[in-house]
Amino acid sequence: MEAALAVARRARGRTHPNPPVGAVVVGNDGIILGEGATQPAGGDHAEVMALRAAGARARGARLAVTLEPCNHHGHTPPCTQAILQAGIRRVVAAIRDTNPGVRGGGFDYLRGQGVEVVTGVGARAASDLAQGHFKLTETGRPHVTAKWAMTRDGKVAQPTGGGRITGNPAWRRVHEMRDAADAIITGVDSILVDDSRLTVRPPPADGRQPLRVVVDSNARTRPSSRVVGHDGRVLILTTAAAPPDRVHSLKEAGAEVRTCAPTPAGRVDISTALDLLGDLRLSTALLEAGPALTGAFLAADAVDSLAVFVAPWSMGDGLEAAADIDSLRSRMLDRPRISEIGKDSLLEADLHRYGPAVT
């Protein structure tokens with residue numbers, strides 16, 4: 001299962017709209033005969049990829065998979081059929097699938113066909129990987145991780161702007177997070193001030209970049225901004241109040257522009273925005289925004305997990321973070337995970353969990 005989980009982790013961000021699933025075929029001597037990860041829409045699932053890699057050696061072997069095999073026809077035939085045809089005698093699966101089209105059917109079918117099925121191995125790690133899939137199938141919206149960096153006195157930017165708060169190891173971790181996400185969400189002010197690209201750097205070997213999403217009620221994003229038409233798609237979420245000439249200029253520059261319902265204050269309604277991203281079948285989103293937009297997401301209870309980098313120095317005067325850690329502690333479901341990233345610290349915590357209950 002550890003090997004299957006490792007395969008699934010490498011697939012994060014590359015299986016849209018499918019969940020990142022890993023599978024390995026194991027011989028009776030414990031040797032891995034084949035491994036595979038779920039492919040993007042229309043491609044094969046992890047089980048089929050692993051079985052194909054194992055070939056005839058799969059007969060009589062075991063299969064470890066991070067999510068319940070599907071037992072329905074979608075873009076591809078049922079994985080349960082492939083498992084039976086390959087002659088697998090034992091399936092070890094981490095967690096069941098909460099997708100209404102699956103939900104227990106794969107396990108029941110395999111058991112009914114005489115295949116031994118064991119569940120619960122590596123359940124927590126597999127559930128962490130599938131949170132985006134679970135939330136999308138349960139709510140129709142992507143799983144949102146709010147990320148920000150701050151000094152130990154809670155400041156996220158200097159009064160004059162500019163300057164990086166954390167060190168190079170933290171910067172590299174942020175780009176790993178971007179690489180694993182379907183989309184990155186930011187606000188227009190971040191684009192206007194920093195001219196952020198919101199890309200994965202250095203570019204991954206496969207060239208894949210997450211969708212960049214800019215929340216911009218009045219279409220103030222400059223068509224010349226680096227986020228527009230640079231290394232991937234950009235989606236501008238605006239309102240009907242946005243001047244048509246600005247919208248036209250953004251489209252001409254290569255941006256996709258979608259209109260969302262406004263709040264009473266005239267800003268993009270967060271619930272509407274997340275529904276729209278869910279309609280695009282985006283399952284994971286990394287929120288990299290300033291305190292105003294991040295605070296709005298937190299106030300709307302639209303953040304599912306936190307990733308807060310804390311630098312070991314104080315700024316004094318500066319822009320305050322969207323929320324201090326103490327104010328969020330009552331909403332954290334689990335004990336926060338704190339790790340050292342170079343000289344900085346990373347606090348990670350869940351505010352919501354989806355899918356089957358695991359310990």
Side-chain angles (χ1 to χ4, degrees), residues 16 132 135-136 139-148 156-157 178 181-199 209-230 232-306 319-323 351-352:
H16 170 76
K135 186 183 180 186
L136 185 62
T139 71
R141 296 178 177 180
H143 182 277
V144 176
T145 298
K147 187 280 302 179
W148 70 87
V156 297
R178 289 182 178 182
D182 289 339
I184 301 172
I185 303 174
T186 195
V188 63
D189 288 337
S190 295
I191 299 300
L192 294 176
V193 172
D194 299 326
D195 197 17
S196 303
R197 283 178 284 177
L198 297 180
T199 54
Q209 292 286 351
L211 174 68
R212 282 81 54 79
V213 180
V214 181
V215 179
D216 183 3
S217 304
N218 290 300
R220 292 187 295 137
T221 301
R222 291 185 290 267
S224 60
S225 299
R226 294 193 297 176
V227 76
V228 178
H230 188 284
R233 294 171 56 211
V234 61
L235 172 63
I236 310 291
L237 300 183
T238 188
T239 68
D245 59 329
R246 294 183 191 169
V247 172
H248 177 75
S249 295
L250 285 168
K251 290 181 178 179
E252 285 290 304
E256 181 181 354
V257 183
R258 301 286 290 271
T259 302
C260 296
T263 65
R267 298 183 176 90
V268 169
D269 178 72
I270 291 171
S271 293
T272 303
L274 291 176
D275 286 340
L276 188 152
L277 297 182
D279 289 342
L280 297 176
R281 307 304 295 165
L282 300 169
S283 63
T284 55
L286 182 64
L287 176 64
E288 289 194 60
L293 185 59
T294 301
F297 267 76
L298 288 167
D301 200 23
V303 173
D304 301 301
S305 63
L306 302 172
L319 189 62
E320 295 279 351
L351 304 185
H352 301 282

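The chain is numbered in sequence order, starting from 1.
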Between the CG atom in Leu198 and the CZ atom in Arg226, the distance rounded to the nearest 0.5 Å is 9.5 Å
**Message:** More than 12 heavy atoms of other residues, nucleotides or ligands under 6.0 Å from CZ of Arg141: yes or no?
**Reply:** yes
- Is the shortest distance from a Lys or Arg side-chain nitrogen in Lys251 or Glu256 to a carboxylate oxygen in the other one below 4.0 Å? no
So CD1 of Ile236 and CZ of Arg246: to nearest 0.5 Å the spacing works out to 13.0 Å
**Message:** Please tell me whether Thr263 and Asp269 have a donor and an acceptor in their side chains that are separated by less than 3.5 angstrom.
**Reply:** no
**Prompt:** Between Thr145 and Ser305, do the side chains contain an N or O donor and an N or O acceptor separated by less than 3.5 Å?
**Reply:** yes
Query raised in the report: Got a donor-acceptor contact below 3.5 angstrom from the Ser225 side chain to the Arg222 backbone?
Result: yes
In terms of heavy-atom contacts, Ala322 and Gly295 come closest through CB-N, 3.7 Å
Side chains of Leu282 and Leu211 in contact at under 4.5 Å (non-hydrogen atoms): yes
d(Asn218 CG, Arg267 CZ) to nearest 0.5 Å is 10.0 Å
Using modelled atom types and a 3.5 Å cut-off, is there a donor and acceptor pairing between side-chain atoms of Thr259 and backbone atoms of Thr239?
no
Separation between CG (Leu293) and CG (Leu287), nearest 0.5 Å, reads 5.5 Å
query = Passes side chain to side chain contact (heavy atoms under 4.5 Å, CB included), Phe297 versus Leu274? Steps please.
reply = CA-CA 10 Å; Phe297 267 76; Leu274 291 176; 4.2 Å; yes
Tested for side-chain contact (heavy atoms from CB on, under 4.5 Å) against Leu235, the lone hit among Leu276, Val257, Ile185 is Leu276
Report task. Given side chain to side chain contact (heavy atoms under 4.5 Å, CB included), test Val234 with Val214 step by step and report yes or no. Result -> CA-CA 8 Å; Val234 61; Val214 181; 4.2 Å; yes
For Cys260 and Ala273, the nearest pair of non-hydrogen atoms, with its separation, is SG-CA, 4.1 Å
**Message:** Is the shortest side-chain heavy-atom distance between Val303 and Thr294 below 4.5 Å?
**Reply:** no
Note to self: Just so I know, are the side chains of Val268 and Pro262 near enough to count as touching, which here means a heavy-atom distance under 4.5 Å?
What the structure shows: no
Taking every heavy atom of Leu277 against every heavy atom of Pro142, the minimum-distance pair comes out as CB-CG, 4.0 Å
Scanning both residues in full, the closest heavy-atom pair of Lys147 with Leu286 reads CB-CD1, 3.8 Å
Quiz item: Side chains of Asp216 and Thr221: donor-acceptor distance under 3.5 Å anywhere?
Solution: yes
Heavy atoms of Val227 and Ser196 approach each other most closely as CB-O, 3.5 Å
Using the side chain to side chain contact (heavy atoms under 4.5 Å, CB included) rule, take Thr186 and Ile191 through it: C-alpha gap first, then chi angles, then the decisive distance, then the call. CA-CA 8 Å; Thr186 195; Ile191 299 300; 3.9 Å; yes
Heavy-atom nearest pair, Ala242 first then Val247, reads CB-CG2, 3.9 Å
Are Asp304 and Lys135 close enough, and set up right, to give a side chain to side chain contact (heavy atoms under 4.5 Å, CB included), and what steps lead you there?
CA-CA 9 Å; Asp304 301 301; Lys135 186 183 180 186; 2.8 Å; yes
Check ion pair Asp189-Arg220 (N to O, under 4.0 angstrom)
yes
Output for pair (Arg178 CZ, Thr199 OG1), nearest 0.5 Å, gives 6.5 Å
CZ (Arg281) and CG (Asp182) are apart, to the nearest 0.5 Å, by 11.0 Å
